[in-house]
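Only a predicted model underlies this, so the values are computations on that prediction, with no experimental measurement involved. Both backbone and side-chain heavy atoms feed into the values below; hydrogens, waters and symmetry mates do not. One-based numbering, in listed order, for ligands and for the atoms of each. If you read the sequence from its start, that first residue is 1, and numbering goes on from there.
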Amino acid sequence: MRLDKLLSNASNLTRSQASKAIRQGDVTVDGVVAQKGTVKVTEENQVIYLGTTISAPKPRYYMLNKPLGCVSANKDKNTLTVFDYLLVPRREQLHVAGRLDKDTTGLLIATDDGKWSHRLTSPKHEHSKRYRVDLAETITPEAKQLLEQGIMLEGEKKLTKPAVVDVLDSQKIILHITEGRYHQVKRMLLAVGNEVVGLHREAIGHIELDPGLEQGAWRHLSPQEIDLSKA
Ligand code: URA
């Protein structure tokens with residue numbers, strides 16, 4: 001990253017104040033006074049501004065227990081967003097890894113690491129998403145079988161990938177899917193003649209919603225949760 005960008009990200013300085021500080025000789029890189037803001041630095045360089053060590057911000061990873069009634073967008077004119085609950089600095093730099101509908105609750109992950117979120121959510125990597133689903137009608141053995149085989153959703157040309165269905169009671173199931181198509185769970189249930197009346201995401205891959213998080217509360221992901229190599 002450019003030195004002036006690093007300095008302004010890590011301090012209260014604007015980009016132009018940061019450039020000025022660098023030109024004035026207030027910043028050293030590995031013990032040498034920096035000359036220009038355009039110089040590139042990495043996490044391995046030691047950057048010091050007026051005696052204070054500055055480090056490049058590391059990527060950030062959060063889980064939120066999403067409540068009902070907020071949308072998975074960065075901004076919305078009329079409705080609360082998940083970032084009205086995830087009140088962390090530089091929220092505008094975060095994105096949601098796997099959106100949830102306004103009326104869905106549960107595990108929502110936000111990060112500023114685009115490669116990581118792609119790996120977590122891309123169907124190619126087949127990380128399973130686990131949902132608790134409340135249904136309007138009884139789940140039939142035929143519907144369960146269809147969901148597990150793969151079904152054609154309205155307006156699509158490809159079958160859904162096989163799902164796993166655990167029946168908890170006649171109108172409550174746990175659904176495991178590896179894709180993230182638009183309104184996928186609701187459309188899958190509609191396709192088998194049922195209707196979702198309550199939807200809650202419990203897990204994405206090896207990342208489980210922390211049972212200690214109240215609705216609307218968040219925490220950082222742990223290093224084990226961030227590590228996708230074993231997921
Ligand atoms: N499937 C849906 O239909 N809605 C969600 O919010 C998530 C998955």
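Between the side chains of H183 and D101, at least one donor N or O sits under 3.5 Å from an acceptor N or O.
Among L209, L100, I204, the one residue that satisfies the side chain to side chain contact (heavy atoms under 4.5 Å, CB included) test with L108 is L100. The side chain to side chain contact (heavy atoms under 4.5 Å, CB included) test with V133 is passed by exactly one of L175, L168, I139: L175.
Sorted by chain then number, the residues whose non-hydrogen atoms approach ligand 1 to under 4.0 Å are L100, D101, T104, Y131, H183, Q184, V185, K186, L199.
Using a 4.5 Å heavy-atom threshold, the side chains of R23 and K20 count as touching.
Ring geometry for H127 against H125 counts as parallel: the plane angle stays under 30°, on a 0 to 90° scale with 60° as the upper cut.
Note: Y62 and H220 meet the aromatic proximity criterion, with ring centroids under 6.0 Å apart.
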